[in-house]
Q: 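One structure, pasted below without further comment.
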Amino acid sequence: MELTISPLALPGVEDKRPLIIAGPCSAETEEQVIDSARQLADNGIKIFRAGIWKPRTKPGGFEGNGEKALPWMQRVKEETGMLTSTEVAMPRHIELALQYGIDLLWIGARTTANPFAMQEIADALKGVDIPVLVKNPVNPDLELWIGALERLNAAGITRLGAIHRGFSSYDKKIYRNLPMWQIPIELRRRMPQLSIICDPSHIGGQRELIAPLCQQAMDLGFDGLIVESHCNPDAAWSDAKQQVTPDVLEYILNLLVIRDETITTENITMLRRQIDELDDNLIDLLAKRMRICREIGQYKKEHDMTILQTTRYSEILDKRGAQGSLVGIDAACTRQIFEAIHAESVRQQLEILNRAD
Ligand code: PEP
Ligand code: MN
């Protein structure tokens with residue numbers, strides 16, 4: 001299905017600056033909302049975000065204040081002039097958000113993954129002219145992401161955009177959500193007229209990763225950023241580790257280098273980003289390998305086995321050396337890499353063996 005997209009017509013996109021949406025993960029109290037919003041507005045932010053309804057993995061967490069928090073968003077609008085935005089996940093949320101003058105809606109990752117919910121949302125938006133940003137689904141499925149956009153478009157929503165927030169995965173890793181940049185890049189190729197913005201907060205999951213992720217998104221040609229920013233991040237009721245103060249956000253945004261040129265796959269910056277991502281993956285894989293080695297170490301300890309099983313070691317070196325040659329990597333190089341990996345595995349297993357438990 002061909003999408004009919006019209007410009008988002010939001011402040012920030014028109015004058016070559018990236019579109020910036022910022023605000024806390026959740027609207028916690030009236031004071032926290034107003035305080036965060038004032039500081040952001042003073043730093044030139046034009047669109048405020050705050051979660052009113054929070055989808056939580058398990059019951060018992062803070063699930064948002066719901067309708068009670070909507071007048072706080074109205075105050076933000078009146079007192080700072082910023083536009084307001086929030087996540088909606090069901091028709092009732094849309095009805096309330098519109099009633100309280102929310103200017104921009106976004107669909108959360110868990111909702112995008114559910115076609116039934118998406119259809120209900122699309123039906124509830126029939127005849128409404130409001131910009132809607134669709135986060136990628138939690139699982140890396142481009143078609144599901146596009147399907148959600150199509151449902152909204154078929155309901156008459158043309159001010160559409162996408163938010164890349166990374167993809168869930170089971171393994172422990174550097175990022176909270178794997179970026180898998182190739183997926184939003186493919187979305188851009190398929191729908192060049194669609195604005196795609198990046199959510200470094202949910203991709204990174206920690207403050208230190210916000211700045212490099214924002215820069216990476218700009219280098220990859222994203223149209224904007226949605227960043228979680230809270231007046232007192234450590235005290236946040238949700239996603240505390242990944243939120244930054246409005247002043248830190250300002251610092252991060254000021255340091256951003258926005259390049260003019262259109263980046264192609266031949267561009268060296270783009271290639272370097274790919275290298276960085278592959279290196280991240282290598283580290284994740286190594287961490288996973290070490291974890292399994294430690295489990296083997298535990299087994300060896302329980303069964304009184306020696307750490308070094310020489311036949312197994314030679315088998316690994318020979319097999320990997322041969323595999324490396326097949327893909328054009330010098331066998332000696334592969335050997336060296338695996339010798340180093342093996343040495344670290346042995347060190348970790350010895351640690352387990354010598355632990356008094
Ligand atoms: C959020 O933006 O706070 C949120 C819940 O995000 P996501 O849907 O990406 O998990
Ligand atoms: Mn959040």
Side-chain angles (χ1 to χ4, degrees), residues 1-23 45-53 70 73-74 76-77 80-109 111-115 117-137 142-165 184 186-199 217 221-227:
M1 177 184 144
E2 185 79 26
L3 294 202
T4 314
I5 309 278
S6 42
L8 283 175
L10 293 167
V13 247
E14 56 274 13
D15 53 346
K16 266 195 153 244
R17 276 188 47 126
L19 166 68
I20 307 287
I21 302 171
I45 301 294
K46 303 266 187 290
I47 310 174
F48 183 73
R49 68 148 280 161
I52 305 291
W53 300 277
L70 285 165
M73 298 294 264
Q74 268 181 327
V76 167
K77 212 167 143 164
T80 70
M82 279 193 282
L83 299 184
T84 54
S85 64
T86 200
E87 170 178 347
V88 288
M90 47 181 76
R92 176 82 187 130
H93 297 165
I94 295 172
E95 196 185 307
L96 284 167
L98 295 175
Q99 200 178 310
Y100 284 87
I102 297 284
D103 302 283
L104 180 155
L105 305 176
W106 83 79
I107 310 297
T111 311
T112 309
N114 179 349
M118 276 314 305
Q119 194 52 54
E120 288 205 354
I121 288 171
D123 293 342
L125 281 168
K126 275 209 178 94
V128 182
D129 177 25
I130 190 163
V132 183
L133 303 179
V134 180
K135 286 198 168 196
N136 62 262
L142 177 60
E143 301 311 320
L144 197 54
W145 196 359
I146 293 177
L149 290 160
E150 285 179 355
R151 285 178 202 277
L152 294 171
N153 203 223
I157 298 289
T158 59
R159 292 163 74 193
L160 270 179
I163 301 175
H164 172 47
R165 50 77 83 192
E186 174 61 12
L187 179 63
R188 159 65 35 93
R189 196 188 65 77
R190 301 254 294 262
M191 298 180 176
Q193 72 287 34
L194 185 78
S195 295
I196 309 180
I197 73 171
C198 179
D199 174 346
F222 280 74
D223 300 289
L225 300 163
I226 175 165
V227 188

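Here the structure is a predicted model, which means the values were calculated and not measured.
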Q: If you define the side chain from C-beta out and look only at heavy atoms, does anything of Leu8 sit under 4.5 Å from Leu133?
A: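 Of all side-chain heavy-atom pairs linking Leu133 with Leu8, at least one is under 4.5 Å.
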Q: With a 4.5 Å limit on heavy-atom distance, are the side chains of Leu194 and Leu160 in contact?
A: yes
Q: If you measure from CD1 on Ile47 to CG on Leu19, what distance do you get to the nearest 0.5 Å?
A: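 Nearest 0.5 Å value for the CD1-CG distance: 4.5 Å.
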Q: Might you point out which heavy atoms bring Met73 and Ser85 nearest each other, and give the distance in Å?
A: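 Smallest interatomic distance, heavy atoms only, reads CE-O, 3.4 Å.
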Q: Mind checking the CG-CD1 spacing from Leu104 to Ile21? Nearest 0.5 Å is all I need.
A: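 That separation rounds to 5.0 Å.
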Q: Test side chain to side chain contact (heavy atoms under 4.5 Å, CB included) on Asn136 and Thr112; report intermediate values, then the result.
A: CA-CA 7 Å; Asn136 62 262; Thr112 309; over 6 Å; no
Q: Can you confirm whether Lys77 sits close enough to Asp103 that some side-chain heavy atom of one is under 4.5 Å from a side-chain heavy atom of the other?
A: yes
Q: Hey, could you give me the CG/NE2 distance between Leu105 and His93, rounded to the nearest 0.5 Å?
A: 11.5 Å
Q: Answer yes or no: is there a side-chain heavy-atom contact under 4.5 Å between Pro18 and Ile20?
A: yes
Q: Please confirm whether the backbone N or O of Arg165 pairs with a side-chain atom of Lys135, one donor and one acceptor, at under 3.5 Å?
A: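 No; judged by distance alone, with no hydrogens or angles, the pair does not exist.
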Q: Take Val88 and Ile102, measure what side chain to side chain contact (heavy atoms under 4.5 Å, CB included) needs, and give me the verdict at the end.
A: CA-CA 11 Å; Val88 288; Ile102 297 284; over 6 Å; no
Q: Can you establish whether the number of heavy atoms outside Glu2 located under 6.0 Å from its atom CD is more than 12?
A: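 Atom CD in Glu2 is not crowded, with 12 or fewer foreign heavy atoms closer than 6.0 Å.
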Q: Nearest heavy-atom pair of Ala117 and Thr111: which atoms, and what distance?
A: CB-CG2, 4.0 Å
Q: Is any side-chain heavy atom of Asn153 less than 4.5 Å from a side-chain heavy atom of Met1?
A: yes
Q: Counting N and O atoms only, with roles assigned by atom type, does the side chain of Thr86 sit under 3.5 Å from a partner on the main chain of Ile52, one being a donor and the other an acceptor?
A: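 Yes; judged by distance alone, with no hydrogens or angles, the pair exists.
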Q: Assess whether a salt bridge exists between Asp223 and Arg188, defined as any Lys/Arg side-chain N lying under 4.0 Å from an Asp/Glu carboxylate O.
A: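 A salt bridge is present here (some side-chain N lies under 4.0 Å from a carboxylate O).
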Q: Looking at every heavy atom in both Ala162 and Leu187, which two are closest together, and how far apart are they?
A: CB-CD2, 3.8 Å
Q: Donor-acceptor check, side chain of Thr158 to backbone of Ile5, threshold 3.5 angstrom: yes or no?
A: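 Pair absent, no side-chain N/O of Thr158 close to backbone of Ile5.
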Q: Please assess Arg49 against Trp106 for the test side chain to side chain contact (heavy atoms under 4.5 Å, CB included), listing each intermediate value before the final yes or no.
A: CA-CA 10 Å; Arg49 68 148 280 161; Trp106 83 79; 3.6 Å; yes
Q: Can you tell me how far the NZ atom of Lys126 sits from the CG atom of Leu152, to the nearest 0.5 Å?
A: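 Spacing of NZ (Lys126) from CG (Leu152) equals 11.0 Å.
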Q: Using side chain to side chain contact (heavy atoms under 4.5 Å, CB included), reason through Phe222 and Ile197 one step at a time and then give a plain yes or no.
A: CA-CA 5 Å; Phe222 280 74; Ile197 73 171; 5.6 Å; no
Q: In Å and rounded to the nearest 0.5 Å, what is the CG to CG distance from Leu144 to Leu149?
A: 10.5 Å
Q: Are the side chain of Trp145 and the backbone of Val134 linked by a donor-acceptor contact shorter than 3.5 Å?
A: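 Such a contact is found between Trp145 side chain and Val134 backbone.
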Q: Rounded at 0.5 Å granularity, tell me how far CZ in Arg159 sits from CD1 in Ile130.
A: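 Arg159 atom CZ to Ile130 atom CD1 measures 8.0 Å (nearest 0.5 Å).
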Q: Do Leu10 and Pro131 touch side chain to side chain, with heavy atoms closer than 4.5 Å?
A: yes
